[in-house]
Amino acid sequence: MNRVLVTGGAGFIGSNFCHHLVTHTDANITVLDKMTYAASRESLAALPDDRVELVVGDVADGAVVDPLVAEHDAVVHFAAESHNDNSLSDPSPFIQTNLVGTFTILEAVRKAGTRLHHISTDEVYGDLELDDPARFTEATPYNPSSPYSASKAGSDHLVRAWVRSFGVRATISNCSNNYGPWQHIEKFIPRQITNVIDGGRPKVYGAGLNVRDWIHADDHSSAVWTILNHGRIGETYLIGADGEETNLDVVRMILAHLGRPEDDFEQVTDRAGHDMRYAIDSTKLRTELGWQPQFADFAAGLARTIEWYQEHQDWWRPHKQHTEATYAAKGQ
Ligand code: NAD
Ligand code: DAU
């Protein structure tokens, strides 16, 4: 795995993965990224030029994808439209990038024989009730709720079909909610941190009782590298760090860390079709491949993330006003 093509590597998790590889491996990386609103050159700026190259292009463009894929030992396919709220406003780019883009990657690895790891999400399984003792496993039936999660579910099915029908050498991982540096401020944790840094109030959808299972992006990265190197072809691995928290509790932790009263938040219009709870059982990944998360303490990881956003205001501040105006127009 010396030459790795990372699609979507200028986004939140993809850029964290590039940092992880530069720090912990000898791999050379090519990032293929369309540089949508969600991408950031700054997230890659500290990485060495002789190990990380950025190619600006679309994963749905075979003329760009085919030769790049052929030059690499492995493709790690992060590129996607990733935000549920955007998929409710306009599903079209989600179908194009998440489905047609994955199809294009699959055709390229089929022709070149390149190893593929496909990055997916726990949202393909739908949601769980708050009082349900169950967690998602690799055997949980698919039941996606939003245009985003349906497009990711479809992309997983494409990967499995290409493995079975064409012998493509691919693995899939479905991870829970990530947090950490370089996450776009449209997403829950950075939105609330930056609201509070700005002197505003966190905006909680509905009653705020929804549960997400948080994992640090660096732990997601180490899991993906483990699966790429040691996972069994055709297998799916769920990635999670036992980090279930209600949205209200996360907001209270952010407020407390920044010295504000814990009830100093607003409840705003709920998300349509809002999934109640996600929870990952990552036993297969831990027992079969020996992976363990390093950020086992969510409160400590969140505190580091809050400090990162305090220290990187130049990065997020230019986008804050537009992001909040888009939410405000929807009553959120
Ligand atoms: P992100 O939105 O921060 O980054 C996505 C990146 O993909 C951006 O750099 C964007 O420019 C790029 N991209 C979008 N369309 C493209 C196209 N057509 N061609 C090339 N590049 C394109 O997303 P993220 O949160 O980093 O998520 C990355 C992957 O991880 C996605 O596949 C997502 O479904 C999955 N995932 C995310 C989470 C999470 O909590 N954020 C959890 C589990 C899985
Ligand atoms: O579970 C994995 C998924 O996690 C990934 O596949 C997605 O790409 C990623 O965006 C994330 O999806 P969510 O919809 O769970 O994340 P988001 O940050 O949008 O919202 C997290 C929770 O917080 C959710 O219950 C909605 C709520 N929320 C979100 C925002 C932006 C709020 O209460 N207020 C907000 O302002």
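Computed from a predicted model, the values in this text were never measured in an experiment.
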Salt bridge (Lys or Arg N to Asp or Glu O under 4.0 Å) partners of Glu324, counting only residues at least two apart: Arg191, Lys320

Would Asn210 and His274 count as having a side-chain donor-acceptor pair, cut-off 3.5 Å? yes

Do Tyr327 and Asp85 make a side-chain contact, defined as non-hydrogen atoms from C-beta onward lying under 4.5 Å apart? yes

Can you tell whether the side chains of Arg115 and Asp73 come within less than 4.0 Å, N to carboxylate O? no

Following the transitive rule for hydrophobic clusters with a side-chain heavy-atom cut-off under 4.5 Å over Ile, Leu, Val, Met, Phe, Trp and Tyr, establish whether Leu158 and Ile95 coincide in one cluster. yes

Do Thr283 and Asp281 have side-chain atoms, one donor and one acceptor, less than 3.5 Å apart? yes

Taking 4.0 angstrom as the limit, do Asp275 and Arg212 come out as a salt bridge? no

Could you check if a side-chain atom of Lys284 sits within less than 4.5 angstrom of a side-chain atom of Glu235, using non-hydrogen atoms only? yes

Consider only side-chain N and O atoms of Glu186 and Asn86, and report whether a donor and an acceptor are under 3.5 Å apart. yes

Donor on one side chain, acceptor on other, Glu107 and Trp162, under 3.5 Å: yes

Should Ile254 and Pro202 count as side-chain neighbours, where that means a heavy-atom distance under 4.5 Å? no

Test item: Asp213 side-chain N/O and Ser176 main-chain N/O as donor-acceptor pair under 3.5 Å: no

Charged N to carboxylate O under 4.0 angstrom, Arg135 versus Asp242? yes

Answer whether the closest heavy-atom distance between the side chains of Ile13 and Ile119 falls below 4.5 Å. no

Answer yes or no: is there an ion pair linking Arg304 with Glu307, defined by an N-O contact shorter than 4.0 Å? no

Distance-only check: which donor-acceptor pairs under 3.5 Å involve side-chain atoms of residues 98-105, not counting sequence neighbours?
unit_1	atom_1	unit_2	atom_2	d
Asn98	OD1	Glu81	N	2.9
Asn98	ND2	Glu81	O	3.1
Asn98	ND2	Ser151	OG	2.9
Thr102	OG1	His77	NE2	3.1
Thr102	OG1	Asn98	O	2.7
Thr104	OG1	Val100	O	2.7

Validation row, ring centre Tyr37 to ring centre His184 under 6.0 Å: yes

Test Asn174 against every option in Thr236, Asp156, Thr140, Asp122 by the side-chain hydrogen bond (donor to acceptor under 3.5 Å, both in side chains) rule and name the one that passes. Asp156

Would you mind telling me which of Phe12, Tyr179, Phe298, Trp308 makes a ring-ring contact (aromatic ring centres under 6.0 Å, His included) with His216? Tyr179

Ser40 and Trp315: side-chain donor and acceptor closer than 3.5 Å? yes

In chain order, what residues pass the ring-ring contact (aromatic ring centres under 6.0 Å, His included) check against His20, with sequence neighbours excluded? His24

Is there a side-chain contact between Leu54 and Met35, using heavy atoms and a 4.5 Å cut-off? yes

